[in-house]
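Here it is: the structure, laid out below.
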Amino acid sequence: LLNYVSPVGFWGLVNNAGISTFGETGWLSMEKYEKFADVNLLGSIRTTLAFLPLLRKYKGRIVFMSSIIAYFTLGNGIYSMTKAAIEKFCDALRLEMKKFGVLVCIIQPGNYARSTKIQPPVSAEEIWNELSEEEKEVYNKEYVQERANFFNNIVNEGSTNGSEVVDAMVHALMSPAPKARYMVAKLKEKLLVFVCALFPTVVMDSVLSYALSN
């Protein structure tokens with residue numbers, strides 16, 4: 001949570017809290033799903049509702065940290081789920097707040113894992129040890145190791161220039177005409193979002209399946 005209180009009142013709110021992890025759907029416990037929903041989604045909603053009266057009063061701005069992962073997932077579906085939900089919450093809020101002069105903006109970073117440290121490298125051994133007996137009967141250690149290596153490679157490709165995301169946040173707060181969405185990502189990441197948004201689901205599934213298999 002970041003906020004800006006000007007000399008004339010409460011003016012800006014940035015919902016920036018977030019956690020990430022790796023794991024296929026059945027590998028994660030219900031407790032972990034609840035924790036991620038509470039931090040990444042409900043935390044932003046709670047904070048927004050608490051400050052909404054002041055933001056309406058002073059015609060302020062609300063900025064949410066989403067991700068391009070809201071459009072697709074490559075091993076971190078639990079994170080994608082919460083970011084997709086944030087996007088829809090913001091879409092509703094943006095339309096509802098227009099009549100009060102409150103602006104709502106979404107920041108959609110690409111892979112900045114190396115600069116934010118939101119996702120440390122994962123350990124196949126730790127993942128395996130946390131799997132239920134039912135999941136261990138379906139998967140084997142070799143598969144878990146392959147998935148962990150794949151995900152760690154993605155993390156290692158992350159940008160180290162986190163100031164790009166900060167610049168987008170500042171623009172959303174200070175610009176006379178901020179954007180509804182700021183996609184701060186590499187060209188190939190933007191192309192992946194483009195394919196996901198405009199092509200049939202079967203096309204996107206094929207692209208992601210190919211990536212996962214290689």
Side-chain angles (χ1 to χ4, degrees), residues 1-6 10-23 25 28-56 58 60-94 96-97 102-122 151 154-155 158-175 178-185 189 193:
L1 163 67
L2 301 174
N3 62 68
Y4 175 69
V5 183
S6 75
F10 191 89
W11 190 77
L13 171 67
V14 179
N15 286 299
N16 188 45
I19 53 177
S20 178
T21 193
F22 163 80
T25 303
L28 306 172
S29 66
M30 191 61 215
E31 288 75 17
K32 186 157 288 188
Y33 278 100
E34 291 172 347
K35 177 181 179 180
F36 270 72
D38 190 53
V39 174
N40 291 1
L41 175 60
L42 299 180
S44 293
I45 294 174
R46 278 193 294 266
T47 306
T48 299
L49 294 179
F51 288 102
L52 210 52
L54 285 173
L55 289 161
R56 285 194 296 250
Y58 294 107
R61 298 184 182 187
I62 315 173
V63 180
F64 290 83
M65 187 61 62
S66 179
S67 170
I68 63 167
I69 294 297
Y71 294 93
F72 59 88
T73 179
L74 284 171
N76 54 349
I78 189 171
Y79 185 70
S80 299
M81 172 193 74
T82 58
K83 292 305 181 181
I86 278 290
E87 293 268 343
K88 294 301 104 181
F89 176 75
C90 291
D91 285 344
L93 186 67
R94 184 177 61 254
E96 294 166 2
M97 290 297 106
V102 177
L103 301 180
V104 179
C105 305
I106 304 172
I107 312 297
Q108 300 172 313
N111 183 0
Y112 283 87
R114 291 174 64 195
S115 58
T116 63
K117 308 299 182 185
I118 190 174
Q119 176 62 65
V122 298
F151 193 71
I154 293 178
V155 170
S159 174
T160 58
N161 187 14
S163 62
E164 298 169 342
V165 180
V166 176
D167 289 344
M169 295 166 66
V170 172
H171 190 275
L173 284 171
M174 307 303 294
S175 171
K179 303 175 184 178
R181 281 178 167 82
Y182 293 78
M183 187 173 292
V184 190
E189 294 171 331
V193 171

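Just so we're clear, the structure is a prediction, and the values are computed from it rather than from any experiment.
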Would you mind listing every salt bridge (charged side-chain N to carboxylate O under 4.0 Å, His left out) that reaches into residues 28-38, with sequence neighbours excluded? Asp38-Arg46
side-chain hydrogen bond (donor to acceptor under 3.5 Å, both in side chains) partners for Arg181, two or more places apart: Glu87, Asp91
Distance col, row Ile107:CD1 vs Cys90:SG, nearest 0.5 angstrom, shows 10.0 Å
Can you pull the salt bridge (charged side-chain N to carboxylate O under 4.0 Å, His left out) pairs that have at least one residue in residues 65-86, sequence neighbours excluded?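 Found none.
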Between Asn15 (side chain only) and Met65 (backbone N and O only), is there a donor and an acceptor less than 3.5 Å apart?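 Looks like no, no N/O pair under 3.5 Å.
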Okay, side chain of Asn16, backbone of Gly18: is any donor-acceptor separation there less than 3.5 Å?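 Here the side-chain-to-backbone pair does not exist.
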With ring-ring contact (aromatic ring centres under 6.0 Å, His included) as the rule and sequence neighbours excluded, what pairs involving residues 65-88 come up? none
Under 4.5 Å between any side-chain heavy atoms of Leu28 and Phe36, yes or no?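 The answer is no, as the side chains (C-beta and beyond) never meet within the 4.5 Å cut-off.
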Whether Ser80 side chain and Ile69 backbone form a donor-acceptor pair below 3.5 Å: yes
Taking the side chain as every heavy atom from C-beta outward, state whether Met81 and Thr73 have any pair of such atoms under 4.5 Å apart. no
At their closest point, which heavy atom of Val102 faces which heavy atom of Arg56, and how far apart are they? CG2-CA, 3.8 Å
Among all residues two or more places apart in sequence or in another chain, which pass the side-chain hydrogen bond (donor to acceptor under 3.5 Å, both in side chains) test with Ser163?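 Here the qualifying residues are Asn161.
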Hey, could you give me the CG/CD1 distance between Asn111 and Ile118, rounded to the nearest 0.5 Å?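 One gets 10.5 Å once the value is rounded to the nearest 0.5 Å.
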Side-chain contact test, heavy atoms from C-beta onward, threshold under 4.5 Å: evaluate it for Thr25 versus Tyr33 and give yes or no.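 Side-chain contact under 4.5 Å: yes.
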Nearest 0.5 angstrom please: Tyr58 OH to Phe10 CZ, how far? 10.5 Å
Could you report the tightest heavy-atom contact between Thr21 and Asn76, atom names first, then the distance? O-CB, 3.3 Å
Return yes if some donor-acceptor pair links the side-chain N/O of Gln108 with the main-chain N/O of Ser67 below 3.5 Å, else return no.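 Such a contact is absent between Gln108 side chain and Ser67 backbone.
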Verify, without hydrogens or angle tests, whether Arg61 (side chain) and Gly12 (backbone) share a donor-acceptor contact under 3.5 angstrom. no
Taking only residues at least two apart or on different chains, which pairs with a member in residues 109-119 satisfy salt bridge (charged side-chain N to carboxylate O under 4.0 Å, His left out)? none
Quick one: does Phe22's side chain get under 4.5 Å of Val155's, heavy atoms only?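 They are not in side-chain contact.
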Roughly how far apart are Thr48 OG1 and Leu55 CG, rounded to 0.5 Å?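 These two atoms lie 8.0 Å from each other.
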